[in-house]
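Just below is one structure, and these are the notes that go with it.
Model, not experiment: these values are computed from the prediction.
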Amino acid sequence: TLSYWYTRKPPKTIRPRPNVQIQLCSIECCQMHPLAACPSDKNRAFCEDVENWGRICRDISIWNYNVNFSAYQLPFPILPVVEPNVRYFVANQARGVFMQAAGDTTGSAFSDLHNYVISNLLWDPNRSGEALRDEFLRLHYGEAAPPIRRLIERLEEKGQASEQHPNCFGVARQYGQDEALAREALEAFDAALALAGDDAVLRSRVEKASLGAYRMAIEPCFRAKEGEPLEAGLAGRMQPLVRQFFSLAEKHRVACFREGAPM
């Protein structure tokens, strides 16, 4: 049974029978920081509920979020929290963990990397999330990996410096993202493509990952209201970036740009 939003707090007197599994959902929580170490009131409240359920039930399941439902392709630097979160769940009676990502599209930000790290940590929570990240980058991007790795670290650094607590409906500023960081991201992928050389498979993988850089770059116009005119200088800067974003999305068969919103 779901322990979700208004049903998340455990009852004071009722106890679940042994054949009832409680599935706690963390939809309100900050994704930028580990659940148990984040100063956010919402994270503290969720952890209190997890621990209180664990005192009265030995069959806990977790529905955790690893996605930005409002902007699938916008980079959201959450990889460092996956390892501590999975271990926290294990330590608090969790017998199952569902890590929700973008279920209705491919091509969300660094989705291949996220899936690799998350699935391996669910298989073995004692593994290192950082080591898994580096392993994937080396195996998946080969010679093109170094600038992508540096970009991921830069995104994480800016996200932490923002001191924000975005949940699974975040916007760019909450991740510390701006036009300057978007330029860094585009330059990183230019460097990665150069390192990929003539390897068609490798270039395709780098191109697909670059969707996040282009999505970040077009943030100033992406949220503009329909019919709302853009300042002339901004429109001129955005037009080639928007075209490239949608060209890559079509090439890599990206179905949605946010939850339930087709390209």
Inspect the contact between [Y] and [X] and indicate whether a charged nitrogen and a carboxylate oxygen are less than 4.0 angstrom apart.
{"X": "D112", "Y": "K208", "answer": "yes"}
{"X": "D134", "Y": "R149", "answer": "yes"}
{"X": "R183", "Y": "E187", "answer": "no"}
{"X": "E179", "Y": "R237", "answer": "yes"}
{"X": "E153", "Y": "R133", "answer": "yes"}
{"X": "R44", "Y": "D41", "answer": "yes"}

For residues [X] and [Y], report the shortest heavy-atom separation together with the two atoms involved.
{"X": "V206", "Y": "A192", "result": "CG1-CB, 3.8 Å"}
{"X": "M32", "Y": "V81", "result": "O-CG1, 3.4 Å"}
{"X": "I218", "Y": "M238", "result": "CA-SD, 3.7 Å"}
{"X": "P10", "Y": "N52", "result": "CG-CB, 3.6 Å"}
{"X": "G107", "Y": "S111", "result": "N-OG, 4.0 Å"}
{"X": "P80", "Y": "P77", "result": "CD-O, 4.0 Å"}

task: Applying side chain to side chain contact (heavy atoms under 4.5 Å, CB included) between I152 and each of R154, E156, R150, report the one that passes.
output: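 Output: one option passes, namely E156.
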- prompt: Among all residues two or more places apart in sequence or in another chain, which pass the ring pair (Phe, Tyr, Trp, His ring centres under 6.0 Å) test with F76?
  reply: H114
[atom1] ([X]) with more than 12 external heavy atoms under 6.0 Å:
{"X": "R17", "atom1": "CZ", "result": "no"}
{"X": "N19", "atom1": "CG", "result": "yes"}
{"X": "I14", "atom1": "CD1", "result": "no"}
{"X": "E250", "atom1": "CD", "result": "no"}
{"X": "Q21", "atom1": "CD", "result": "yes"}

Given 3.5 Å as the limit, does a donor-acceptor pair link the side chain of [X] with the main chain of [Y], or not?
{"X": "Q177", "Y": "M216", "value": "no"}
{"X": "T105", "Y": "A255", "value": "yes"}
{"X": "Q160", "Y": "E157", "value": "no"}
{"X": "T1", "Y": "I22", "value": "no"}
{"X": "W53", "Y": "R8", "value": "yes"}
{"X": "Q164", "Y": "P166", "value": "no"}

What I'd like to find out is whether the side chain of [X] reaches to under 4.5 Å of the side chain of [Y], using heavy atoms alone.
{"X": "N167", "Y": "C29", "result": "no"}
{"X": "K251", "Y": "E207", "result": "yes"}
{"X": "N68", "Y": "R258", "result": "no"}
{"X": "F222", "Y": "L74", "result": "no"}
{"X": "M263", "Y": "C256", "result": "no"}
{"X": "E184", "Y": "L186", "result": "no"}

Rounded to the nearest 0.5 Å, how far does [atom2] of [Y] lie from [atom1] of [X]?
{"X": "N64", "Y": "C25", "atom1": "CG", "atom2": "SG", "value": "9.5 Å"}
{"X": "L155", "Y": "F110", "atom1": "CG", "atom2": "CZ", "value": "6.0 Å"}
{"X": "S162", "Y": "Q174", "atom1": "OG", "atom2": "CD", "value": "8.0 Å"}
{"X": "I78", "Y": "N85", "atom1": "CD1", "atom2": "CG", "value": "9.0 Å"}

- prompt: In terms of ring plane angle, is the pair F69 and Y65 parallel, tilted or perpendicular, where the classes change at 30° and 60°?
  reply: perpendicular
message: Is there a path of hydrophobic side-chain contacts, each under 4.5 Å between heavy atoms, that joins L211 and F189?
response: no
query: Any chance the rings of Y214 and F245 have centres within less than 6.0 Å?
result: no
